[in-house]
Amino acid sequence: MKNEDRDTLPEISVIMGIYNCEKTLEEAIDCILNQTFEKWELILCDDGSSDNTYCIADQYQKKYPDKIILLKNDLNRGLNATLNRCLNVAKGKYIARMDGDDRCSKFRFERELSVFRENPELYIVSTDMEYFDETGVWGHISHPTKPVAKDFLHGTPFCHAPCLVKKEAYDAVGGYSESNRLLRVEDYHLWMKMYKKGFYGENIHEPLYQMRDDRNAYARRKMKYRVNEAYVRYLAVKELKLPVIGYIFALRPILVGLLPSSIYDILHKRNLHR
């Protein structure tokens with residue numbers, strides 16, 4: 001590849017699966033357009049929306065044809081398959097995530113790239129994350145600065161949506177796994193696959209990303225998704241060669257789902273670092 005060709009390639013490919021998010025999509029896309037780091041491409045893939053989501057995305061693509069790529073699934077395929085489709089056309093050295101109903105700081109890419117510049121041995125960089133609804137910010141989540149294998153015993157060690165990841169790490173593990181057993185825990189499984197191959201990461205302790213969510217969403221989490229999380233925890237113990245006692249930790253998502261709501265609320269608030 002010629003040097004001049006390299007200069008025109010985006011450094012960051014932002015992958016965004018969109019589905020029935022017509023009311024929030026503009027704000028999410030504008031957060032990418034307003035980044036202080038400008039060498040990026042945004043790959044949108046509509047996953048069979050039944051509202052005006054695709055039309056809004058199409059308007060942005062026509063306005064920014066050199067920056068935005070728009071794809072459309074013929075039917076609803078789910079987030080894992082949709083993100084993999086975005087990955088297949090991504091040209092950047094780094095892959096960033098963004099969801100169609102969230103927002104992020106305009107300094108997000110600049111800060112994440114600075115960590116990679118200072119620590120070239122890293123493959124994953126993510127940030128703290130805030131939760132917000134129509135009343136404002138109501139929660140905050142943080143993970144260890146430099147996660148190690150044993151941190152997988154307690155759940156995913158990175159927030160997925162704010163992440164910036166070297167594409168070579170995605171390629172080495174085959175992207176997102178699309179099994180039904182991994183629905184809603186695709187990120188947890190992704191990090192496990194990467195850590196198994198020696199692709200480690202770091203978390204920035206600044207809330208550079210905000211996820212739109214109501215306060216009771218996690219409490220309504222279906223048991224089948226709790227079972228999926230338990231399954232990934234089991235795989236983490238097995239694949240990362242963690243202590244056998246870790247198999248007990250694998251049952252935690254299921255046990256938490258069986259707790260009385262009053263006890264659950266106490267545990268959940270503690271996890272959100274309010």
Side-chain angles (χ1 to χ4, degrees), residues 10 12-35 40-92 95-106 108-109 129-135 159-165 167 170 175-190 209-218 220-222 224-225 228:
I12 295 175
S13 294
V14 188
I15 58 175
M16 185 191 298
I18 52 177
Y19 177 71
N20 288 351
C21 53
E22 63 177 6
K23 296 180 180 179
T24 59
L25 183 57
E26 292 185 28
E27 183 178 24
I29 294 177
D30 287 344
C31 284
I32 303 302
L33 291 171
N34 293 330
Q35 289 294 304
W40 52 262
E41 65 176 354
L42 173 59
I43 305 169
L44 302 165
C45 184
D46 182 81
D47 193 24
S49 296
S50 58
D51 64 2
N52 203 39
T53 293
Y54 183 82
C55 292
I56 294 171
D58 188 54
Q59 291 171 4
Y60 271 93
Q61 195 282 324
K62 286 181 169 61
K63 186 175 181 179
Y64 303 97
D66 297 329
K67 300 288 284 182
I68 297 177
I69 297 169
L70 179 58
L71 309 173
K72 184 177 177 64
N73 291 340
D74 53 354
L75 49 82
N76 183 265
R77 297 183 177 278
L79 182 61
N80 302 25
T82 299
L83 293 180
N84 280 339
R85 189 174 179 196
C86 293
L87 283 171
N88 286 337
V89 301
K91 299 185 291 292
I95 302 295
R97 282 280 291 110
M98 186 73 193
D99 283 328
D101 54 355
D102 295 344
R103 59 197 187 196
C104 66
S105 164
K106 66 180 181 180
R108 174 190 165 192
F109 293 166
M129 186 170 72
E130 292 177 327
Y131 295 92
F132 74 100
D133 59 17
E134 66 279 358
T135 66
C159 291
H160 184 209
C163 73
L164 186 66
V165 182
K167 189 172 187 294
Y170 270 105
Y176 293 92
S177 300
E178 298 181 22
S179 167
N180 287 336
R181 300 190 71 176
L182 299 170
L183 291 176
R184 300 291 180 90
V185 290
E186 66 279 340
D187 55 323
Y188 193 180
H189 189 248
L190 177 73
Y209 194 98
Q210 292 185 325
M211 175 176 285
R212 191 185 307 269
D213 208 356
D214 71 80
R215 299 168 190 253
N216 299 313
Y218 195 83
R220 295 193 307 269
R221 191 181 189 191
K222 295 180 179 179
K224 68 178 180 180
Y225 299 134
N228 286 358

Asker: Where the side chain of Asn76 meets the backbone of Asp47, is there a donor-acceptor pair that is under 3.5 Å apart?
Answerer: yes
Asker: Using the six-membered ring of Phe132, assess whether NZ or CZ of Arg103 lies under 6.0 Å from its centre and within 45 degrees of the ring axis.
Answerer: yes
Asker: Check whether any side-chain heavy atom of Leu71 lies under 4.5 Å from a side-chain heavy atom of Arg85, and answer yes or no.
Answerer: yes
Asker: Compare all side-chain heavy atoms of Phe109 with those of Ile32 and state whether any distance is below 4.5 angstrom.
Answerer: yes
Asker: Which atom pair, heavy atoms only, marks the closest approach of Met129 to Cys159?
Answerer: CB-SG, 3.9 Å
Asker: When you measure from the side chain of Ser13 to the backbone of Ile95, do you find a donor-acceptor pair of N or O atoms at a distance under 3.5 Å?
Answerer: no
Asker: Any side-chain to backbone donor/acceptor pair from Asp102 onto Arg212? Under 3.5 Å, distance only.
Answerer: yes
Asker: Rounded to the nearest 0.5 Å, what's the gap from CD1 on Ile12 to CZ on Arg108? Could you check?
Answerer: 8.0 Å
Asker: Looking only at the side chains, is there a donor atom on one of Asn73 and Thr82 sitting less than 3.5 Å from an acceptor on the other?
Answerer: yes
Asker: Would you find a donor on one side and an acceptor on the other, under 3.5 Å apart, between the side chain of Glu186 and the backbone of Leu79?
Answerer: no
Asker: I need the Met16 CE to Asp99 CG distance, nearest 0.5 Å.
Answerer: 7.5 Å
Asker: List the atom of Pro10, the atom of Trp40, and the distance in Å for their closest heavy-atom pair.
Answerer: CB-C, 3.7 Å
Asker: What distance separates Lys222 NZ from Asn228 CG, expressed to the nearest 0.5 Å?
Answerer: 11.5 Å
Asker: Is any side-chain heavy atom of Val185 closer than 4.5 Å to one of Tyr225?
Answerer: no
Asker: Any chance you could measure Met211, atom CE, to Glu130, atom CD, to the nearest 0.5 Å?
Answerer: 12.5 Å
Asker: Please name the pair of heavy atoms, one in Tyr170 and one in Leu87, separated by the smallest distance, quoted to 0.1 Å.
Answerer: CD2-CD1, 3.7 Å
Asker: Say you draw a straight line from CG of Leu83 to CD1 of Ile43; how long is it, rounded to the nearest 0.5 Å?
Answerer: 10.5 Å
Asker: Would a distance-only check, ignoring hydrogens and angles, find a side-chain to backbone donor-acceptor pair under 3.5 Å from Thr53 to Cys21?
Answerer: yes
Asker: Rounded at 0.5 Å granularity, tell me how far CD in Gln35 sits from SG in Cys104.
Answerer: 4.5 Å
Asker: Do other residues, nucleotides or ligands put more than 12 heavy atoms under 6.0 Å from the NZ atom of Lys72?
Answerer: yes
Asker: Take Tyr54 and Leu44 through the test side-chain contact (heavy atoms from CB on, under 4.5 Å) and record every step on the way to the result.
Answerer: CA-CA 9 Å; Tyr54 183 82; Leu44 302 165; over 6 Å; no
Asker: Would you say the side-chain atoms of Arg97 pair up with the backbone N or O of Val14, donor to acceptor, closer than 3.5 Å?
Answerer: no
Asker: Spell out, as yes or no, whether a donor-acceptor pair under 3.5 Å connects the side chain of Gln61 to the backbone of Ile56.
Answerer: no
Asker: Take Asn80 and His189, measure what side-chain contact (heavy atoms from CB on, under 4.5 Å) needs, and give me the verdict at the end.
Answerer: CA-CA 11 Å; Asn80 302 25; His189 189 248; over 6 Å; no
Asker: For the side chain of Ser177 and the backbone of Ser179, is there at least one donor-acceptor N/O pair under 3.5 Å apart?
Answerer: no
Asker: Between Ser49 and Tyr19, which heavy-atom pair has the shortest distance, and what is it?
Answerer: OG-CA, 3.2 Å
Asker: Answer with yes or no whether the side chains of Tyr60 and Asp30 bring together a donor and an acceptor at under 3.5 Å.
Answerer: yes
Asker: Which heavy atom of Met98 sits nearest a heavy atom of Ala28, and at what distance?
Answerer: CE-O, 3.9 Å
